[in-house]
Structures are given as C-alpha cells and as structure tokens.
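Please read the structure below before turning to the comments.
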Amino acid sequence: GNSVTQMEGPVTLSEEAFLTINCTYTATGYPSLFWYVQYPGEGLQLLLKATKADDKGSNKGFEATYRKETTSFHLEKGSVQVSDSAVYFCALSDRGYQKVTFGTGTKLQVIP
Amino acid sequence: SQTIHQWPATLVQPVGSPLSLECTVEGTSNPNLYWYRQAAGRGLQLLFYSVGIGQISSEVPQNLSASRPQDRQFILSSKKLLLSDSGFYLCAWSLPNQPQHFGDGTRLSIL
C-alpha cells in the first residue's frame, strides 16, 4: 500500500534560517504529491502540490520538487518567519485523488 | 468560490452520550467528502469517505458512523461515545482529480 514518511519533529529554527523538512513516499504508479500546513487550532490548508516527476510546487516562499528517482518531496524555504510556525504534512494521492495518504506531520517552531 | 463549514468548533461530551458532527460544502456539486480524526500530536486517520449521496466507505471499524443525506452534507455520528473517541475531527471535500480542502475542525473531548 501507499505510505508517506516524514522527518520527526519538532523542528526549531531561528527566524531567517533555512528550512528543510524531509518527506519520502512509497506508492505504485505515479502519485500526486502535496504539502499541507496546519496552524494551531485550525484545519489543514493546501500549501503546494506537484503532479508529475520533476515538477516543482511553490507557494509563499516554500518549494518542493517531485523526485521520482529518490521517491522524495522535501519541503524547503530559504528564510523562515515566526508566522511559519505550524505543523506540516506531506501527502500523496493516486490518480483520481479519491484517497490521500498523509504523513504524521512535522511541527515547526520558529523563534525570533 | 467553494467553502466548507464544520460545526461545532468544540464539543465536550460525557462517555456514553450520542454524537452528531455536521459538515456542509457550498459552491460546488457532487464533491467527494471525507471525515478524518487527528489524535493529539499525531497524523490524520481517514474514517469515512463518500463519492455520492448515500454512498459511504468506512476505512476503520469503530464506534462511529457517517451519513450523506444530501449532496453537500456529511454527518459523523455515534450512538455511545467512548473515551477513545476524543480528538480533532476534520471534514474535507474534493472534486475528481483535485486536492482535498479541509474545514476548520471540531475538537471533541470526552469526559
């Protein structure tokens, strides 16, 4: 079956530091890949997505590249802000998007 | 534009009491609908999903049930809550070949 593995948190960074949250996946075929963000007490928001190999998703300064050869979709941001503090979920879905498999989430805390 | 509404936002219930959480979607037709549970500090567990009125697929056998009485309405229920039912419940919707979009969640505490 499909699975998503994320680096364990929490990740604590100083403001303006570089962020990487690792994500690897196991899936049959060619899944679509996503990063969702969950701010405290809220639901999940789609942050970015990539639907095929070598696609780069980007939004709000965050980027992730679909690497089929390494089955990875690592999230990066060049300079984090305190407002980026949240839990980040990597996810994948088969074609049709009917069911999504989520990672366990990585909590990011950015300190001033 | 499409919106999703979940209520209530928080709920405190005694063990053994019934439960009804409601989710509605506006601005689209025939969406796929989902219920997830998120235990404290953990990932998301898919509980139920529906691809149409009256069609419910259960992912995990448990104390909960789901119903879809109308196209854009998805209800999560229980006849008798257990302590283990505590958690953060999230409703989501999607269209075919599109990502899922989530509501703001219901925080359920069982006493």
Side-chain angles (χ1 to χ4, degrees), chain A residues 1-11 21 23-25 29-52 55 57-59 64 66 73 86-109, chain B residues 1-11 21 23-25 28 30-52 55-60 74 76 87-109:
Chain A
N2 297 338
S3 67
V4 175
T5 303
Q6 286 181 239
M7 61 188 292
E8 293 224 5
V11 174
I21 300 179
C23 171
T24 57
Y25 67 89
Y30 300 91
S32 294
L33 302 174
F34 313 92
W35 277 100
Y36 283 85
V37 58
Q38 183 179 34
Y39 298 103
E42 299 183 8
L44 277 69
Q45 301 174 27
L46 179 65
L47 181 60
L48 53 84
K49 68 175 182 178
T51 58
K52 61 183 187 296
D55 265 2
S58 61
N59 185 25
Y66 190 145
F73 192 54
V87 179
Y88 293 81
F89 290 91
C90 186
L92 70 82
S93 127
D94 290 336
R95 291 188 183 280
Y97 288 42
Q98 282 198 1
K99 293 173 68 173
V100 178
T101 301
F102 287 89
T104 54
T106 301
K107 184 175 182 178
L108 169 66
Q109 183 177 10
Chain B
S1 64
Q2 301 94 346
T3 56
I4 179 169
H5 303 280
Q6 253 189 272
W7 67 93
T10 59
L11 188 61
L21 302 182
C23 172
T24 60
V25 179
T28 188
N30 197 30
N32 296 333
L33 296 172
Y34 307 83
W35 277 112
Y36 290 87
R37 177 168 58 202
Q38 184 179 26
R42 302 185 66 178
L44 279 75
Q45 178 186 36
L46 179 63
L47 303 175
F48 302 95
Y49 72 97
S50 170
V51 299
Q55 298 180 37
I56 308 293
S57 295
S58 174
E59 290 295 297
V60 183
F74 205 26
L76 183 69
F88 191 49
Y89 289 81
L90 290 160
C91 182
W93 71 273
S94 71
L95 294 176
N97 298 311
Q98 296 294 322
Q100 293 182 6
H101 302 274
F102 287 79
D104 288 334
T106 296
R107 187 160 304 283
L108 175 63
S109 299

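A note on names: the letters A, B, ... follow the listed sequences, proteins ahead of strands, and every chain is numbered from 1.
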**Prompt:** Do the non-hydrogen side-chain atoms of A/Y36 and B/Q100 ever get within less than 4.5 Å of each other?
**Reply:**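 A side-chain contact under 4.5 Å exists here.
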
**Trace of the side chain to side chain contact (heavy atoms under 4.5 Å, CB included) decision for B/L44 with A/L44** = CA-CA 10 Å; B/L44 279 75; A/L44 277 69; 4.0 Å; yes

**Asked** Quick check: are there more than 12 heavy atoms from other residues, nucleotides or ligands sitting under 6.0 Å from CD of B/Q2?
**Response**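 Above 12, so yes.
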
**Request:** Dump the intermediate steps for side chain to side chain contact (heavy atoms under 4.5 Å, CB included) on B/Q38 and A/F102, then the final yes or no.
**Result:** CA-CA 11 Å; B/Q38 184 179 26; A/F102 287 89; over 6 Å; no

**Message:** Test of understanding: with ring-ring contact (aromatic ring centres under 6.0 Å, His included), list the residues that count as partners of B/Y89, not counting sequence neighbours.
**Reply:**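 B/Y89: no ring-ring contact (aromatic ring centres under 6.0 Å, His included) contacts found.
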
**Smallest separation among heavy atoms of B/L90 and A/G43, with atom names** =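 The pair with the smallest heavy-atom distance is CD2-CA, 3.6 Å.
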
**Request:** Output the distance between atom OH (B/Y34) and atom NZ (A/K99), rounded to the nearest 0.5 Å.
**Result:**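 B/Y34 OH to A/K99 NZ: 9.5 Å, rounded to 0.5 Å.
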
**Request:** Answer with side chain, backbone, both or neither: which region of A/Q38 has an atom nearer than 4.5 Å to a non-hydrogen atom of chain B?
**Result:**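 For A/Q38, side-chain heavy atoms alone lie under 4.5 Å from chain B.
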
